[in-house]
2 protein chains.
Amino acid sequence: MADNKLQNDCKKKLMAIHDAMYVLSGKWKISIIASLCYHDKRRFSEILNDVSGISNKMLSKELKELEMNKLVKRTVLDTQPVTVEYQLTPYGKSLQTIIDSLTDWGTEHRKVIIGK
Amino acid sequence: MADNKLQNDCKKKLMAIHDAMYVLSGKWKISIIASLCYHDKRRFSEILNDVSGISNKMLSKELKELEMNKLVKRTVLDTQPVTVEYQLTPYGKSLQTIIDSLTDWGTEHRKVIIGK
DNA sequence: CTGGATCCGGATTGATACTG
DNA sequence: CAGTATCAATCCGGATCCAG
């Protein structure tokens, strides 16, 4: 019985991971969200600089997907030339914990790599 | 000055994210790690079941990469027929925090989706 | 039978050029 | 500046094949 309950917990957790990975799927999504996590408002070209290695095509595509999933809000400013601002929605901000733990791990991980 | 410091912090954090994403890159890696996080020892075919949607080809490939990055340990058991066990290394276990926060978020996220 | 490699077609991505 | 368009490279899924 207890075994069964434990197994069910595992399954539920793995399903939760699956759900989370669904919206976060895509090579760059987490990095994009991190950029917006640490900058509040960010323009297209700024994110392009933040996320090292990404191409404008992929940035455009993944931002669009994040917008569809209501994690990111896109605002066109009426300037000349046009500027566009991206920011996390409140819902998107709920990912902050994940980003923080990734940042912490990455910082440690870097030490390990460099230590070699 | 203070502005400069803040900017540097952001850059460092984004670099940390970049480093973390490097080892976690690949469509399935996080789900695989989650499976091993919640099961301690797990066989190839069991992980195949845990990670819904993955093909044996990709599982094989990504496990190999995780092994190369020292996150996962592979053990061949001398049984008939051969069975292979995978488990997280202590280093791999340091990802637990990340997996947990993803699980928590995924659980909430699921509620939001179903609520619609 | 289990763990995994191989081959192929279709989908995703990268590099670069181009547009409003 | 903020994206599209295009073509090449690469990655991925499915089926199949193979060794122990």
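We name chains A, B, ... by the order of the sequence lines, and we start the count at 1 in each one. Side-chain atoms are counted along with the backbone in the values below, which use heavy atoms only and exclude waters and symmetry mates.
One atom, CG of B:Leu63, and another, P of D:dC12, lie 14 Å apart when rounded to the nearest Å. Between the C1' atom of D:dG3 and the CG atom of A:Leu48 lies a distance of 10 Å, rounded to the nearest Å. As rounded to whole Å, 15 Å separates atom C1' of C:dG20 from atom CZ of A:Phe44. We find that CD of A:Glu85 is positioned 13 Å from C1' of D:dC1, with the value rounded to whole Å. Rounded to a whole Å, the CD atom of A:Gln80 is 12 Å from the P atom of D:dC1. Distance A:Ile47 CD1 to D:dA2 P: 9 Å, rounded to the nearest Å. A:Asp50 places its CG atom 13 Å from the P atom of D:dA2, with the value rounded to the nearest Å. Put simply, CD on B:Glu67 is 15 Å from P on C:dG3, counting in whole angstrom units.
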So which protein N/O to nucleotides 13-15 of chain C N/O distances come out below 3.5 Å?
from   : atom 1 : to      : atom 2 : distance (Å)
C:dT13 : OP2    : A:Lys61 : NZ     : 2.3
C:dG14 : OP1    : A:Lys27 : NZ     : 3.1
C:dG14 : OP2    : A:Trp28 : NE1    : 3.4
C:dG14 : N7     : A:Lys57 : NZ     : 3.1
C:dG14 : O6     : A:Lys57 : NZ     : 2.3

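Screening residues 38-47 of chain B for salt bridge (Lys or Arg N to Asp or Glu O under 4.0 Å) gives B:Arg42-B:Glu46, B:Arg42-B:Asp50 as the qualifying pairs, with residues at least two apart or on separate chains. Applying the ring pair (Phe, Tyr, Trp, His ring centres under 6.0 Å) test to pairs two or more places apart or on separate chains, none has a residue in residues 39-79 of chain A. For residues 60-69 of chain A, every residue pair satisfying the side chain to side chain donor-acceptor pair (under 3.5 Å) rule, not counting sequence neighbours, is listed here: A:Lys29-A:Glu65. Counting only residues at least two apart or on different chains, the salt bridge (Lys or Arg N to Asp or Glu O under 4.0 Å) pairs with a member in residues 6-21 of chain B are A:Arg110-B:Asp19, B:Lys5-B:Asp9.
Between A:Ser60 and D:dA2 there is no side-chain N or O to OP1 or OP2 distance below 4.0 Å. Between A:Arg42 and D:dA2 there is no side-chain polar atom (N or O) within less than 4.0 angstrom of OP1 or OP2. Remark: B:Arg43 is not in phosphate contact with C:dT2, judged by side-chain N or O atoms under 4.0 Å from OP1 or OP2. For the pair A:Tyr86 and D:dC1, the criterion of a side-chain N or O lying under 4.0 Å from OP1 or OP2 is not met.
Comparing B:Val84 and A:Val82, the nucleotide of DNA chain C nearest to each residue sits closer to the 5' end for B:Val84. The 5' end of DNA chain C is approached more closely, in terms of each residue's nearest nucleotide, by B:Ser45 than by the other of A:Pro81 and B:Ser45.
For A:Thr79, the side chain to side chain contact (heavy atoms under 4.5 Å, CB included) partners are A:Leu77, A:Thr83, not counting sequence neighbours. Take B:Glu85 and apply the side-chain hydrogen bond (donor to acceptor under 3.5 Å, both in side chains) test, not counting sequence neighbours, and it matches no residue.
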Could you list the donor-acceptor pairs under 3.5 angstrom formed between side-chain atoms of residues 89-99 of chain B and any protein atom two or more places apart in sequence or on another chain?
from    : atom 1 : to       : atom 2 : distance (Å)
B:Thr89 : OG1    : B:Lys70  : O      : 2.7
B:Thr89 : OG1    : B:Leu71  : O      : 3.3
B:Thr89 : OG1    : B:Tyr91  : N      : 3.4
B:Thr89 : OG1    : B:Gly92  : N      : 2.9
B:Tyr91 : OH     : A:His109 : ND1    : 2.1
B:Ser94 : OG     : A:Trp105 : NE1    : 2.9
B:Ser94 : OG     : B:Tyr91  : O      : 2.4
B:Gln96 : NE2    : B:Asp100 : OD1    : 3.2

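Axis deviation across the helix from C:dC1-D:dG20 to C:dG20-D:dC1 amounts to 30°, comparing end segments of five pairs, rounded to 10 degrees.
Across B:Ser101 and A:Ser101, no two heavy atoms sit closer than the pair OG-OG, 3.2 Å.
B:Leu24 is not listed as a side-chain neighbour of A:Ile30, based on a closest heavy-atom distance of 4.5 Å or more.
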